[in-house]
Structure formats: C-alpha cells, structure tokens
Colleague: 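Take this structure first; my questions come after.
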Amino acid sequence: MDKLVSLAKRRGFVFQSSEIYGGLGSVWDYGPLGVELKKNIKERWWRSMVHERQDIEGLDAAILMHPKVWEASGHVSGFTDPLVDCKHCKNRFRADDPRIKGTPGQPDGQCPVCGSKGTLTAPRQFNLMFKTFMGPVEEQAAVIYLRPETAQGIYVNYLNVLQSSRQKIPFGIAQIGKAFRNEITPGNFIFRTREFEQMEMQFFVKPGTENEWFGFWREERMKWVEGLGIRAEKLRWHQHGPDELAHYAKDAYDIQYEFPFGWQEFEGIHNRTDFDLSNHQKHAGKKLDYLDPKTNERFVPYVVETSAGADRTALVVLCDAYREEEVRGHEAAEGEGGGGGGDQRVVLKLKPSLAPLKAAVFPLVNKDGMPELAHRIHDDLRRHFNVFYDDGGSIGRRYRRQDEAGTPFGITIDGQSTQDQTVTVRDRDTLKQDRVAAGKLVEYLTQKLAG
Ligand code: GAP
C-alpha cells in the first residue's frame with residue numbers, strides 16, 4: 001500500500017489535504033491525474049445508471065438539509081459507533097478495535113497504544129455526523145449536519161422527481177455527491193476518510209416485489225464492477241449478518257475487494273424497506289405514498305439501494321491496476337529502464353477508458369522537424385482525448401513515466417514520421433508498437449479506447 005500511496009503522490013493522483021500544514025487527518029485531495037480517474041469512474045456510473053436506463057432519473061441535492069431529516073432518518077439517534085478513550089495516552093478507539101485486550105471500562109482493559117491497563121473508559125456512543133451552524137447564531141436551534149449519506153436528499157425529493165419526470169413505480173433516482181463522517185478510526189489512504197463521494201441510487205418498488213429487485217440490482221452492480229476491468233478473483237459478495245446491518249436495512253450485501261490490507265467492502269446493495277419514506281412521512285407530516293394508476297392501490301414504496309463510494313472504487317481500480325514487472329523484449333534490450341532503473345517497471349494497467357491520460361505524444365528528439373509535427377498531432381488529438389505532450393529525457397524514461405500514470409498509448413514521432421507522416425504507437429501493456437498514419441490516429445485511438 002505504501003508503494004501505491006507514494007506513486008499516487010509522485011504522479012499527481014492523490015495528495016494529503018493541507019500537506020504544508022502537516023496534513024489534515026484522513027482527508028485527501030485529488031491531483032491532475034486523480035481528478036480525471038475519479039471523473040471517468042463517476043461518468044461511467046452515471047452513464048450506466050441514468051443515461052442508459054429509462055427508469056432512473058438523476059438528482060443533485062444540497063449537502064445541507066433540514067435538521068429534522070436526520071431525526072427522521074434515524075441518524076441522530078442511530079448513526080453511532082461505540083468509542084473508548086485511554087485516560088493515560090488520550091488516544092481514542094472504536095470499542096470493537098481488535099487490538100484492545102480485556103474489557104474497556106474494566107481493570108483488565110488494555111490500551112493498544114500505550115499498553116496501560118485499566119485506563120480505557122467504558123464504551124460510549126459517538127455520533128459520526130459532523131455538526132455545523134446555519135446563520136450567524138451559534139445556538140442549538142441553528143445546528144445542522146453535513147450529510148453522512150446522499151440517500152436522504154433523494155428520499156425528500158422523491159415526490160418532486162416522480163411528479164416532474166412522470167415516472168411510474170418501479171423507478172429510481174440516482175445521485176453523485178459528497179458525504180461526511182467523523183470516523184473514529186479512518187485510514188488506509190482513501191479507503192476510509194472523513195470527506196468522501198458516494199454514487200447512490202434508490203429504486204422505489206411496490207412492496208412485495210423488493211426481493212426480486214434486490215436480486216436484479218445485485219447482478220447489475222456486479223456486472224458494472226466487472227466492467228471496470230477488475231480481476232474477478234479479487235471480488236466477492238458478503239451478506240451482512242444481523243449484527244452488521246445498518247439501522248435502516250433489512251438485508252444487505254457488500255461487494256468486497258481484496259485490498260492489500262484484506263477483503264473490504266466498496267459498494268453495498270441494501271433493502272431499506274419503507275423505513276426512510278415512512279419515517280419522513282411521519283416527521284414531515286406529508287403524505288409520501290403512491291397511487292398505482294393501474295390497480296388504484298395506495299402504498300408507501302419500498303426501496304432497494306445501491307451505494308458505492310467513488311473514492312473507494314477509485315482505490316479498487318488503482319490497487320487492481322498496480323503492477324511491478326520485468327520489462328522484456330526490445331525495450332529491455334535497448335536499456336531504457338528509465339525512472340526505476342534496470343529493466344523493472346511500475347505500471348498502472350488501467351482499463352484504457354478509465355485512464356486519466358489516453359495517450360502521450362513524444363518527439364523522439366527536439367530537432368529535425370519532429371517537435372513541429374508532434375505539436376500538430378498533439379493539438380489535433382486533444383480536441384478528442386486528454387493527451388499529454390512530453391519532450392523531456394530519453395524516450396525510455398518518458399515511457400516509464402507514462403506507465404506509472406497508466407497512459408495506455410505512447411505516440412512517438414521519429415525520423416520516418418517527418419518523411420511519410422506515420423508515427424509509432426506503443427501499447428502500455430504489450431509494449432508492441434504499431435506504425436500508424438498520423439491522419440488516422442483519432443480513429444485508431446477511438447477504437448482502442450472503446451469499452
Ligand atoms: N446510503 C447507504 C450508505 O451510505 P454505507 O455502507 O455506509 O451505506 C456506502 O456506505 C459506501 O460509501 C461504502 O461502500 C463506501 O464505498 C463508501 N463509504 C462509506 N463510508 C466511507 C468513508 N468513511 N470513506 C470513504 N468511503 C466511504
């Protein structure tokens with residue numbers, strides 16, 4: 001994991017937030033390549049969940065919501081983790097931290113950091129929502145929360161969307177947006193952070209049909225994840241046991257990935273029943289039921305939720321793409337070990353359509369008409385793709401830098417190019433080179449980037 005974190009910084013994927021001030025705990029910033037990668041993942045999600053479906057509408061609800069939303073949703077009372085403090089070293093832990101020996105609050109409870117016995121407090125519930133104040137007065141009445149999930153913005157807008165889009169149940173609402181949780185034990189890079197992005201879809205169905213839809217969405221979501229190019233053996237399902245279920249869920253399945261730190265969830269599919277809509281109906285005093293135009297039945301819809309973290313999905317994609325390899329063939333023979341030295345290379349084998357940069361353009365040398373032609377090709381290509389121009393250092397070093405960035409194609413303009421207007425296109429994964437007419441590059445790349 002350390003190697004990936006270091007590559008992410010070196011190549012401009014992810015930086016620690018406020019680094020020059022020593023960093024802010026478990027908050028991360030996306031650099032030039034990271035923002036492109038995450039955007040490609042989010043766009044892929046949006047395309048498959050909204051644009052390619054007639055029964056799902058998009059939404060972008062505000063992060064700040066009426067405080068009663070969080071009472072109705074159960075987050076004020078139920079979105080808590082049990083927390084213990086060490087009175088000696090002042091560290092805080094989740095009460096179920098596996099490193100704790102003995103029982104917190106009892107003489108045998110032992111702090112996993114300083115090793116003191118009997119210094120851990122008894123567990124107390126700690127709410128994970130961030131509080132802030134609305135308006136100039138810092139009083140209880142003005143307390144609002146940063147949303148801990150995007151889903152509630154969908155529930156409170158469910159009738160607005162239903163009526164304005166003229167959808168009929170079953171139908172869904174999808175949203176991508178920031179969520180915030182004051183996690184007690186965040187960590188593992190962008191895996192568990194205090195500010196993150198979710199890609200959530202709530203599918204509203206007739207009660208009694210929720211199991212069928214639950215199965216349907218589990219299959220759909222796994223297909224989407226596989227479409228990211230993730231190795232199948234690194235993916236598995238995990239069904240929540242009764243003690244793992246969130247306060248709103250009757251049934252839940254996680255899609256897990258085998259990260260370097262073990263199997264962990266990055267997406268959940270939840271049967272939320274009518275828990276949220278019924279509670280909002282009660283707390284807001286507004287009817288949120290649905291009149292079925294065919295049967296004339298009235299019911300509060302059940303909800304099947306698909307909830308993915310954009311950051312965690314980006315981490316899955318990065319972990320799965322990261323490889324250290326021996327370079328064989330002509331690149332090794334030419335001794336172009338570059339950045340890493342020797343014939344080793346670090347490469348991100350990202351699916352080309354997810355890669356932040358689609359191609360890099362290299363004039364072999366900075367003379368003999370090569371830079372002029374390379375600039376012309378770069379200008380032409382960047383009207384279609386995110387393309388990088390690099391004329392610094394040996395060609396081998398330039399290849400290695402782009403391998404680390406996950407750029408699938410390297411376009412080299414050499415002596416022959418100025419004679420016959422052809423270039424070489426190097427494939428990041430196979431290291432094979434094709435000779436392609438400069439005028440056909442857009443077509444060539446479009447074909448290779450599909451999927
Ligand atoms: N609306 C349901 C919900 O929020 P969740 O299982 O708590 O369910 C869904 O979160 C997804 O959001 C997780 O699978 C994960 O990808 C992402 N997520 C949750 N907490 C996170 C955190 N602290 N940091 C990064 N991603 C997080």
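In listed order, ligands and their atoms are each counted from 1.
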Colleague: Please list, chain by chain and in numerical order, all residues satisfying salt bridge (Lys or Arg N to Asp or Glu O under 4.0 Å) with Arg94, sequence neighbours excluded.
Modeller: Asp81, Asp96

Colleague: Are there over 12 heavy-atom neighbours, none belonging to Lys168, within less than 6.0 Å of that residue's NZ?
Modeller: no

Colleague: Identify, by atom number and element, the atoms of ligand 1 in contact range of Glu267, meaning under 4.0 Å from any of its heavy atoms.
Modeller: 14 (O)

Colleague: Within a distance under 4.0 Å of any heavy atom of Phe191, pick out the atoms of ligand 1 and give their elements.
Modeller: 24 (N), 25 (C), 26 (N)

Colleague: Please say which of Leu235, Asp254, Ile230 ends up in a side chain to side chain contact (heavy atoms under 4.5 Å, CB included) with Phe266.
Modeller: Leu235

Colleague: Need the ligand 1 atom indices (1-based, order shown) with element for anything under 4.0 Å from a heavy-atom of Tyr248.
Modeller: 2 (C), 3 (C), 8 (O)

Colleague: Could you name each residue pair satisfying side chain to side chain donor-acceptor pair (under 3.5 Å) that touches residues 299-321, not counting sequence neighbours?
Modeller: Tyr30-Asp311, Lys38-Asp311, Glu200-Ser307, Gln202-Glu305, Arg231-Asp320, Tyr257-Asp320, His270-Glu305, Arg272-Glu305

Colleague: Does Arg194 come within less than 4.0 angstrom of ligand 1, counting non-hydrogen atoms of the residue?
Modeller: no

Colleague: Which residue supplies the protein heavy atom nearest to atom 2 (C) of ligand 1, what is that atom called, and how far is it?
Modeller: Glu305 OE1, 3.1 Å

Colleague: Please determine if Asp403 and Arg426 form a salt bridge, counting it only when a charged side-chain N lies under 4.0 Å from a carboxylate O.
Modeller: yes

Colleague: Under 4.0 angstrom from ligand 1, any heavy atom of Gln202?
Modeller: no

Colleague: For ligand 1, note which part of Met199 has a heavy atom under 4.0 Å away: side chain, backbone, both or neither.
Modeller: neither

